[in-house]
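When reading the values below, keep in mind they use all heavy atoms of this one structure, side chains included, and skip hydrogens, waters and symmetry mates. Everything quoted here is computed from the prediction, not taken from an experiment. Index from 1, following the sequence.
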Amino acid sequence: MKNVFWCAVGLLGALQALAGDPVGFRFETNHADALYKLGEEAVYTVTATNGAGERITSGVVHARLDNYGPKIQLERDVDLAKENPFVVRGKLDEPGFLRLSMSGKGIGKNNSRWGVGYEPTRIVAGGEVPADFDQFWADAQAQLEATVPLDPRMELDPEHSKGAFDYYRVSFATYGGTRVWGFLSIPKDRSKAPFPVTCEVCSAGEGKWTIAMPGRPDRIRFYFTVHTFEPPRTLAEVAPRHAQMREELKAKYGVGHYASAGIAVSREDYYFYRTILGINRAFNWLWQQDYVDRKHFDYAGGSQGGAFGWCLCGLNKHITSAVLRVPAMSDTRGFLAGRQSGWPGIIEAQPPALRDAAIKNAAYFDGASFATRITCPIRVTVGFIDNTCSPSSVYATFNRLVSKDKAILNAIGKGHGGQTREFDEIARQWQESR
């Protein structure tokens, strides 16, 4: 049964000025759930405030209304000495999201926008699923299994194994003579086995999540990075390794960011190709272990980890449920429909001369392609003011899901980088109580 969770924050949405940002905003819309019918007018009432939450009586701010893309409906300067609060009106005649963004002196990037949806369950993805999509991935998996031994390696980490679980650094062989790297924690009291499993791929960036993970005493955790190099032992080593990787990718593909590198050359050259295949076969390996509860072999990931959720849940039928938090690589061809594509803007990141090739290859890594193959129960969170993984891209992909048990949690007034945490927790509790 299909379910859609409409989770609102109330009629008045407040984004106060953050530390160091003199100007913040309170947003009020005429629909409490921030959802509208096509052609219906959305009315934003905006109050500019200072760091103490008090109404500002001077200064000028710039208001822009767009569709999370190039379709700009309105741009105007607002003299706060003359109008504060002030009103902005707009509407959409096609399914999508309408974003109000504020800019100007002293305005921080995290407290300056509000988004509403127009019949988002009708948003159509920007590209079709390739006719040979299933064959391509089936052949890729078969060739890998036939030519590259799995070679699983586990190294016990004594420092992290002093508590209720054993903690391992792990790696598995994959395409191109490389390995996928990650971490595995298993509860020490094996008399309570088999244990439920949470599989995850890390979010993007150079944070501490790329070198370690928290274990749990009650379930197995299986956590992967996405890079070709072994996770460093200390946080100080992360930035230099990433910098070296960027230089190598820039020299080879003309694109320095790993998440967009190689896509214009071939499907096999795309940076995530070998990672998807390697992690998928690592999941198969874990599923075969006798300490695993195969009825609770779950996936949970956010942003980049959500992107891998689309891919892995589409490929791996061992996964029994999924929680994807503001997932990236959603509707990677959304720009073809006049909207912002999901992170990393895989096609837009290419030099113009390479974009046609990228469009063709990106279809095989688009969450909206994999969604048509996902049948496990799934929950997705979406931030209505997420500039990284735009709500239109997430909904376009969610709408493609064929699972009979799917739901989306609307985080109104929430963006990226952990801002949807309360909604993510709802989804986690659903998953672990199944």
With side-chain hydrogen bond (donor to acceptor under 3.5 Å, both in side chains) as the criterion, how do N361 and Y270 come out once you've worked through the C-alpha distance, each side chain's angles and the decisive distance to 0.1 Å?
CA-CA 9 Å; N361 294 331; Y270 180 46; over 6 Å; no
Any heavy-atom pair between the side chains of N399 and V124 that's under 4.5 Å?
no
Check this for me: E128, atom CD, are more than 12 non-hydrogen atoms of other residues, nucleotides or ligands nearer than 6.0 Å? no
Would you call E94 and K71 a salt bridge, taking side-chain N to carboxylate O under 4.0 Å as the test? yes
Parallel, tilted or perpendicular for Y273 and F136, by the 30°/60° rule? tilted
Below 3.5 Å, can you tabulate the donor-acceptor pairs from side chains in residues 169-177 to any protein atom, sequence neighbours excluded?
unit_1 : atom_1 : unit_2 : atom_2 : d
R169   : NH2    : P231   : O      : 2.4
S171   : OG     : R179   : NE     : 2.9
S171   : OG     : R179   : NH2    : 3.1
T174   : OG1    : R274   : O      : 2.8
T174   : OG1    : G278   : N      : 3.3

Problem set entry | Ion pair check, E119 and R122, cut-off under 4.0 Å | yes
Check your understanding: According to the interplanar angle, ranging from 0 to 90°, do the rings of F165 and Y167 count as parallel (below 30°), tilted (30 to 60°) or perpendicular (above 60°)?
Key -> tilted
query: Do the charged groups of D298 and R219 touch, with an N to O distance under 4.0 Å?
result: yes
Next item on the list: Could you tell me how the ring of F229 sits relative to the ring of H242: parallel (under 30°), tilted (30 to 60°) or perpendicular (over 60°)?
Entry: perpendicular
Salt bridge or not between R379 and D405? Use side-chain N to carboxylate O under 4.0 Å. yes
**Message:** Check this for me: does any side-chain nitrogen of one of R325 and E422 sit under 4.0 Å from a carboxylate oxygen of the other?
**Reply:** no
Once the angle between the rings of F183 and Y223 is folded into 0 to 90°, is it parallel (under 30°), tilted (30 to 60°) or perpendicular (over 60°)? tilted
Value for CZ (F370) from CZ (F365), rounded to nearest 0.5 Å, stands at 7.0 Å
Self-check item: Neighbour count above 12 (heavy atom, 6.0 Å) for Q143 CD
Solution: no
*Can you tell if the side chain of R428 reaches within under 4.5 Å of the side chain of D424, non-hydrogen atoms only?*
no
Here the gap from Q419 atom CD to I385 atom CD1, rounded to the nearest 0.5 Å, amounts to 5.5 Å
Hey, are the side chains of H227 and E230 touching, using non-hydrogen atoms and a 4.5 Å cut-off?
no
Practice item. Using a strict cut-off of less than 4.0 Å between a Lys/Arg side-chain nitrogen and an Asp/Glu carboxylate oxygen, indicate whether E145 and R281 qualify as a salt bridge. Key: yes
Exactly one candidate in R333, R267, R373 meets salt bridge (Lys or Arg N to Asp or Glu O under 4.0 Å) with D366; the answer is R333
Q.
Parallel, tilted or perpendicular: which one describes the rings of F222 and F224, with boundaries at 30° and 60°?
A. perpendicular
Y68 side chain reached by N387 side chain, heavy atoms, under 4.5 Å: yes
Fill in: K188 NZ: over 12 foreign heavy atoms closer than 6.0 Å
yes
- Counting only heavy atoms not in R434, do more than 12 sit closer than 6.0 Å to its CZ atom? yes
Sequence neighbours excluded, the answer for side-chain hydrogen bond (donor to acceptor under 3.5 Å, both in side chains) partners of E247 is none
Under a 4.0 Å N-O cut-off, is there an ion pair linking R339 with D331?
yes
If you define the side chain from C-beta out and look only at heavy atoms, does anything of L35 sit under 4.5 Å from N410?
yes
